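See structure below.
Given the structure is predicted, the values throughout are model-derived calculations rather than measurements.
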Amino acid sequence: MALESIRYRRGSLSILNQLLLPEQLRYERVDGAERAWAAINSMEVRGAPAIALVGCLSLALELAAGAGADGDADAADGVAALEAFVERRLRFLLTARPTAVNLHREAERLRERLRGWSGSPGITAPELRERIIEHIEGLLAKDREDNERIGAHGAGDILRRAPPGAAVTVLTHCNTGSLATAGYGTALGIVRALHGQGRLRRVLCTETRPYNQGSRLTAFELLHDGIPATLIADSAAAAAMRECGVDAVVVGADRVAANGDTANKIGTFQLAVAARHHRVPFYVAAPSASCDPALPCGAHIPIEERPGRELTHLQGLCLAPPGIDVWNPAFDVTPHDLITGGIVTEWGVFPPGDLRRALADRAAGGQ
């Protein structure tokens, strides 16, 4: 059975506490937006798609329980009260972590839908509530479908560069699989697609310090799913490209600017530099929800800095002398010209320079 980061049915939401992996597999109840905010902020749940899903589903949970109702209001005032409640909760949830754009994009889509629905003649607050909940619940299936498309597009492009029938070796960073999404994964979705076609020789996963999402989460997920994998130190990546026959580097994204500059887990930038040196195609796998056409380039992406203790300590063990100054950014920005394989979305694989037009064309077509 595939790992699930999120378990949801109407009125019930649980998340897999990823801080406890791989030692414990424990699902914890989320009872509303405050608990979702804490889970996102503490990285019990992480990965840009999963952050968006948990945030939105926590809102659906509260709405299903009747939150935002004004029993004394008339129909129009009841709709207005519900709109105001949704806006307050979205604003609160958006403060949990700043870099990943998916929750921002989904919040903006919901606001746009809400404006349209609330303007419908005769709509009542209960009808509006149901539409909001159904819209949010639909995000789970959409995320998985998008991931499967990303996997197919990315695998096809990598194999296009490989000799006919040959198996390929892929290097990846952080965790971009079922644990970071509604299921299947983005960069790991490409790995799954290659494995499903019998064309994956091996995936090399970096440990991804300081939170070890590679060693704790990706290695765990790959072993669970029977995908051939080798764990390497972050500092071994360049040597692995030279010595291990790496055919492609595939990473995820927390935010992609209009020019293709990409914010992803810290350490991604140096992987792209090493890949360029070794002439290894470097791919970014990202659903369109991770793309932010409002930002012209990566210099405008806000980069979250995490507490220094996350670098100096590991599961309570002190790894550095007390008092040492720490710089601990959670993400770095890879310049678009280092993304030599392309940006893989649910719509296809695009050179970074073509991404802005692709997003505009899909937006014009209502996708």
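- In this structure a side-chain-to-backbone donor-acceptor pair under 3.5 Å is missing from D247 to V170.
- Counting only distance, with no hydrogens or angles, the side chain of D332 and the backbone of G267 share a donor-acceptor pair below 3.5 Å.
- When every heavy atom of C174 is checked against every heavy atom of T218, the shortest pair comes out as O-OG1, 2.6 Å.
- In terms of the side chain to side chain donor-acceptor pair (under 3.5 Å) criterion, S120 has no residue partners (sequence neighbours excluded).
- Contact annotation: the side chain of R255 approaches that of H104 to within less than 4.5 Å [non-hydrogen atoms, C-beta and beyond].
- Taking CE of M43 as the start and CG of N41 as the end, the distance is 10.0 Å to the nearest 0.5 Å.
- By the criterion of side-chain heavy atoms lying less than 4.5 angstrom apart, applied directly or through intervening Ile, Leu, Val, Met, Phe, Trp or Tyr residues, F282 is grouped together with I232 in one hydrophobic cluster.
- Taking NZ of K142 as the start and CG of L53 as the end, the distance is 10.5 Å to the nearest 0.5 Å.
- Going from atom CG of N212 over to atom CG of L21 covers 12.5 Å, rounded to the nearest 0.5 Å.
- Using a cut-off of 4.0 Å between Lys/Arg side-chain N and Asp/Glu carboxylate O, E130 and R10 are scored as salt-bridged.
- Contact check on E28 versus R7 returns no salt bridge, with no Lys/Arg side-chain nitrogen under 4.0 Å from an Asp/Glu carboxylate oxygen.
- Considering all non-hydrogen atoms of both residues, I15 and A39 come closest at CD1-CB, 3.5 Å.
- Panel note: side chain N259, backbone H336; no donor-acceptor pair is recorded below 3.5 Å.
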Does T124 form a side-chain contact (heavy atoms from CB on, under 4.5 Å) with V79? I'd like the steps, not just the answer.
CA-CA 6 Å; T124 65; V79 166; 5.7 Å; no

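- Considering only heavy atoms from C-beta on, I132 comes within 4.5 Å of L128 through its side chain.
- Taking a 6.0 Å sphere around CZ of R111, one finds it holds more than 12 heavy atoms contributed by other residues, nucleotides or ligands.
- Side-chain polar atoms of T169 and R201 form a donor-acceptor pair below 3.5 angstrom.
- S14 and R29 share no side-chain donor-acceptor pair at under 3.5 Å.
- Between the side chain of R46 and the backbone N or O of N175 there is at least one donor-acceptor pair closer than 3.5 Å.
- Salt-bridge formation is detected for the pair E221/R192: a Lys NZ or Arg NE/NH1/NH2 atom is positioned less than 4.0 Å from an Asp or Glu carboxylate oxygen.
- I40 and I136 fall within the same hydrophobic cluster, defined by Ile, Leu, Val, Met, Phe, Trp and Tyr side-chain heavy atoms under 4.5 Å apart, directly or through other members.
- Contact of the Q18 side chain with the R26 side chain is not registered, since no non-hydrogen atoms from C-beta on lie closer than 4.5 Å.
- A salt bridge links R160 with D157: the distance from a Lys NZ or Arg NE/NH1/NH2 to an Asp or Glu carboxylate oxygen falls below 4.0 Å.
- Once rounded to the nearest 0.5 Å, the distance linking CG of L222 with CZ of R202 reads 10.5 Å.
- A side-chain donor-acceptor contact under 3.5 Å links T176 to the backbone of L188.
- For E305 and N328, the side-chain atoms include no donor-acceptor pair closer than 3.5 Å.
- Salt bridge E112/R109: absent, no basic N to carboxylate O contact under 4.0 Å.
- The line from CD of Q213 to CD of E207 is 11.0 Å long, rounded to the nearest 0.5 Å.
- The backbone N or O of T181 lies less than 3.5 Å from a partner atom in the side chain of S5, making a donor-acceptor pair.
- For the atom pair L61 CG and Y8 OH, the distance stands at 6.5 Å (nearest 0.5 Å).
- Of all heavy-atom pairs between A330 and R306, the closest is CB-CG, 3.7 Å.
- In terms of heavy-atom proximity, G316 sits nearest to H313 at O-CD2, 4.2 Å.
- At a threshold of 4.5 Å between non-hydrogen side-chain atoms, the residues K265 and Y211 do not count as touching.
- Both L93 and V45 sit in one connected hydrophobic cluster of ILVMFWY residues. Membership requires side-chain heavy atoms under 4.5 Å apart, directly or through other members.
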Could you walk me through whether L171 and T206 pass side-chain contact (heavy atoms from CB on, under 4.5 Å), step by step?
CA-CA 8 Å; L171 189 150; T206 61; 4.2 Å; yes

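- I301 places none of its side-chain heavy atoms less than 4.5 Å from the side chain of F331.
- Shortest non-hydrogen contact noted between E106 and A289 is OE2-CB, 4.0 Å.
- The aromatic rings of F92 and W37 sit parallel, their planes meeting at an angle under 30°, below the 60° perpendicular limit.
- Within a 6.0 Å radius of NE2 in H278, more than 12 heavy atoms belonging to other residues, nucleotides or ligands are found.
- Looking at E127 and R129, no side-chain N of the basic residue comes within less than 4.0 Å of a carboxylate O on the acidic one, giving no salt bridge.
- Follow the hydrophobic side-chain contacts under 4.5 Å out from L139 and you reach V30 in the same cluster.
- A donor-acceptor distance shorter than 3.5 angstrom exists from the side chain of S42 to the backbone of A38, with no hydrogens or angles considered.
- At a cut-off of 3.5 Å, with distance as the only test, no side-chain donor of S178 or E4 sits close to an acceptor on the other residue.
- Residues L63 and F85 form a side-chain contact, since some pair of their non-hydrogen atoms from C-beta on lies under 4.5 Å apart.
- Between A193 and A152, the closest heavy-atom pair is CB-N, 4.3 Å.
- Contact annotation: the side chain of F220 never approaches that of S215 to less than 4.5 Å [non-hydrogen atoms, C-beta and beyond].
- Within the 4.5 Å cutoff, the side chain of R276 has no heavy atoms near those of the V273 side chain.
- Side-chain contact check for D254 and T99: no donor-acceptor pair (N or O, by modelled atom type) lies under 3.5 Å.
- The existence of a salt bridge linking E87 and R89 is excluded, since no basic side-chain nitrogen approaches an acidic carboxylate oxygen closer than 4.0 Å.
- One hydrophobic cluster, built from ILVMFWY side chains closer than 4.5 Å, holds both M241 and V251.
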Apply the test salt bridge (Lys or Arg N to Asp or Glu O under 4.0 Å) to residues E44 and R35: give CA-CA distance (whole Å), side-chain angles for both, the deciding distance (0.1 Å), then the verdict.
CA-CA 11 Å; E44 292 174 58; R35 179 67 182 95; 2.7 Å; yes

Check the pair S288, E346 against side-chain contact (heavy atoms from CB on, under 4.5 Å), reporting the backbone distance first and the verdict last.
CA-CA 7 Å; S288 59; E346 67 270 29; 2.5 Å; yes

Please lay out, stage by stage, how N17 and Q24 fare under the test side-chain contact (heavy atoms from CB on, under 4.5 Å).
CA-CA 9 Å; N17 187 337; Q24 296 183 54; over 6 Å; no

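- When each of D261, L295, D292 is checked for a side-chain contact (heavy atoms from CB on, under 4.5 Å) with H300, only L295 meets the rule.
- Distance alone, capped at 3.5 Å, places no donor-acceptor pair between the S290 side chain and the N102 backbone.
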